[in-house]
**Q** 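Structure provided below as structure tokens; questions to follow.
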2 protein chains.
Amino acid sequence: MLYGIAETLKKNQLSITDSRKKILELFMRTNGALAHADIEHQSGTEFDRVTIYRTLQTFVEKGIIHTIPTADNSVRYALCKDQCSAGKHHDDHVHFMCDACGTTYCLDHVVVPAVVLPKGFTVTQTDVVISGTCKNCVQ
Amino acid sequence: MLYGIAETLKKNQLSITDSRKKILELFMRTNGALAHADIEHQSGTEFDRVTIYRTLQTFVEKGIIHTIPTADNSVRYALCKDQCSAGKHHDDHVHFMCDACGTTYCLDHVVVPAVVLPKGFTVTQTDVVISGTCKNCVQ
DNA sequence: AATATTTTGCAACAATGTTGCATTGCATTA
DNA sequence: TAATGCAATGCAACATTGTTGCAAAATATT
């Protein structure tokens, strides 16, 4: 992680509040992606559900985190790397979701191969979503 | 489309009912993918919401339709081609969702490039989700 | 046509997400 | 560092989406 918590919030012109610090910290401590429910549980009853929703929204808008499409259409969020900027997220991104444990990985070092589209289609974002068994769940 | 409506239902050992016929017909008439809401609107007040949910579930289980992961995590369904079988869906699939009109296309003829994963990861399904502007929305 | 099986609709509920508004907390400036 | 302005929070209420149990209706089977 290149920036600290307070630093990241300041850089994005966000007030430094307890909920934002805690939620951002949670993302920085977590290797994979988080669902809203994960955050709600892990932060206890400390914050209102609405605050968590709004915080996640804000983080997405600022390009601090991004949403991950999953095969089961559950909403998950993960920290963005540097190439993310507000509004415009990663153009290429491989995500892996384990069918067994549900952990979602950002495989940033895996190269997304170029896809050739029919004429008339313009690409703004390519997501590769892989489901399967992760290294911790293979026996 | 290779099979007719009644034929498809029979083949999958499903009773032929009004809701199933109507919903399957809707999918066959539609080029892109459908969200639950689309189906609810297009079939009017004819069927109960619950019936639509259950019909979609059944179709997914039988391999008649499949769900499509989208960048905005909305749930969409589309007809499966022949290679789909119950439980085991397409291994490779490119979907395109237009940011402008929301239409979701199954680009079956577009080849999904192989992705090399780190050791210990086993793949069961690869989805490529592309967002952008479709051929009807480019000016 | 009669019976067995499946599917449907209703009601109730659970989970997820959104909005408005008063209160609280943060940041700014003097 | 105290006072002020602005932004974020919590609460309540609501909207949407999805699920479950069960009696009634429709379909399939004999």
Side-chain angles (χ1 to χ4, degrees), chain A residues 4-26 33-62 64-77 86 102 104, chain B residues 4-26 33-62 64-77 86 102 104:
Chain A
I5 291 167
E7 211 174 346
T8 303
L9 294 174
K10 251 188 196 152
K11 216 163 54 90
N12 287 285
Q13 301 169 317
L14 294 173
S15 309
I16 297 173
T17 65
D18 286 352
S19 58
R20 285 176 182 165
K21 276 192 286 183
K22 197 100 173 206
I23 293 174
L24 185 50
E25 196 209 339
L26 199 57
L34 294 169
H36 174 95
D38 297 330
I39 296 162
E40 206 170 333
H41 295 145
Q42 295 204 37
S43 65
T45 51
E46 204 170 343
F47 309 113
D48 195 85
R49 236 160 39 81
V50 178
T51 301
I52 298 176
Y53 277 115
R54 287 199 267 230
T55 302
L56 290 172
Q57 253 174 244
T58 306
F59 283 1
V60 169
E61 279 161 19
K62 293 293 185 177
I64 299 171
I65 61 176
H66 61 274
T67 62
I68 299 179
T70 57
D72 69 349
N73 281 287
S74 63
V75 183
R76 278 150 198 277
Y77 302 87
T104 306
Chain B
I5 290 169
E7 211 174 344
T8 303
L9 293 175
K10 251 189 196 151
K11 216 164 54 93
N12 287 285
Q13 300 169 317
L14 294 173
S15 308
I16 297 173
T17 66
D18 285 353
S19 57
R20 285 177 182 163
K21 275 191 286 182
K22 196 100 174 207
I23 293 175
L24 185 50
E25 196 209 338
L26 200 57
L34 294 169
H36 174 95
D38 297 329
I39 296 162
E40 207 171 333
H41 295 145
Q42 294 204 39
S43 65
T45 52
E46 204 170 343
F47 310 114
D48 195 85
R49 235 160 40 84
V50 178
T51 301
I52 298 176
Y53 276 115
R54 288 200 266 230
T55 303
L56 290 172
Q57 254 173 243
T58 305
F59 283 1
V60 169
E61 280 160 19
K62 294 292 186 177
I64 299 171
I65 61 176
H66 61 274
T67 63
I68 299 178
T70 57
D72 69 348
N73 281 288
S74 63
V75 183
R76 276 150 199 277
Y77 302 87
T104 305

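Worth saying up front: this structure is predicted, and the values here are computed from it rather than measured.
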**Q** Could you tell me which residues satisfy side-chain hydrogen bond (donor to acceptor under 3.5 Å, both in side chains) with B:Asp72, sequence neighbours excluded, listed by chain and number?
**A** B:Thr70, B:Ser74

**Q** What is the separation between atom CG on B:Leu56 and atom C1' on C:dT8, rounded to the nearest whole Å?
**A** 15 Å

**Q** Whole Å only: how far is the CG atom of A:Asp48 from the C1' atom of C:dA22?
**A** 14 Å

**Q** Along DNA chain D, 5' to 3', what are the outermost nucleotides having an atom less than 4.0 Å from a heavy atom of chain B?
**A** D:dT17 to D:dA28

**Q** From CD of B:Gln57 over to P of C:dT6, roughly how many Å is that when rounded to an integer?
**A** 17 Å

**Q** Does the base of C:dG9 carry an N or O that pairs as donor and acceptor with the side chain of B:Arg49 under 3.5 Å?
**A** no

**Q** Does some side-chain heavy atom of B:Lys21 sit less than 4.5 Å from a side-chain heavy atom of B:Leu9?
**A** yes

**Q** Once you round to the nearest 0.5 Å, how far does CG of B:Leu26 lie from CD of B:Gln42?
**A** 4.5 Å

**Q** State, with a plain yes or no, whether a side-chain heavy atom of B:Ile65 is found less than 4.5 Å away from one of B:Leu34.
**A** no

**Q** Between the two end axes of the helix from C:dA1-D:dT30 to C:dA30-D:dT1, each built from 5 base pairs, what angle do you get to the nearest 10°?
**A** 40°

**Q** Can you tell me the distance, in whole Å, between the CD1 atom of B:Ile23 and the C1' atom of C:dT8?
**A** 12 Å

**Q** So, for A:Ala33 and A:Arg76, which heavy atoms are closest and what is the spacing to 0.1 Å?
**A** CB-CB, 4.1 Å

**Q** Roughly, in whole Å, what's the span from CG in B:Asp18 to C1' in C:dT6?
**A** 14 Å

**Q** Here's a test of your reading of the structure: between A:Ser15 and B:Ser19, which maps to the more 5' nucleotide of DNA chain C?
**A** B:Ser19

**Q** Please find the pair of heavy atoms, one from B:Ala6 and one from B:Ile16, that lie closest to each other, and give the distance.
**A** CB-CD1, 4.0 Å

**Q** Under 3.5 Å, is there any donor-acceptor pair linking the side chain of B:Arg54 to the base of C:dG9?
**A** yes

**Q** Just wondering, do B:Phe47 and B:Ile39 contact through their side chains at under 4.5 Å, heavy atoms?
**A** no

**Q** Which residue, B:Phe47 or A:Leu14, contacts DNA chain C at a nucleotide closer to its 5' end, judged by nearest heavy atom?
**A** B:Phe47

**Q** Below the 4.0 Å mark, does C:dT7 have OP1 or OP2 next to a side-chain nitrogen or oxygen of B:Arg20?
**A** yes

**Q** Please report, rounded to the nearest Å, how far the P atom of C:dA27 is from the NZ atom of A:Lys10.
**A** 8 Å

**Q** Rounded to the nearest Å, what distance is computed from the CG atom of residue B:Asp72 to the P atom of nucleotide C:dG17?
**A** 12 Å

**Q** Using side-chain hydrogen bond (donor to acceptor under 3.5 Å, both in side chains) as the criterion, list what pairs up with B:Asn12, not counting sequence neighbours.
**A** none

**Q** Students often get this wrong, so: under 4.0 angstrom with heavy atoms, is B:Glu46 touching a base, only sugar-phosphate, or nothing?
**A** sugar-phosphate

**Q** Please give, in whole Å, the distance from C:dG25 C1' to A:Leu9 CG?
**A** 15 Å

**Q** B:Glu25: what forms a side-chain hydrogen bond (donor to acceptor under 3.5 Å, both in side chains) with it, not counting sequence neighbours?
**A** B:Arg29

**Q** Below 3.5 Å, can you tabulate the donor-acceptor pairs from side chains in residues 50-59 of chain A to any protein atom, sequence neighbours excluded?
**A**
unit_1  : atom_1 : unit_2  : atom_2 : d
A:Thr55 : OG1    : A:Thr51 : O      : 2.7
A:Thr58 : OG1    : A:Arg54 : O      : 2.7

**Q** A:Thr58 or B:Thr17: which one's nearest nucleotide on DNA chain D is closer to the 5' end?
**A** A:Thr58

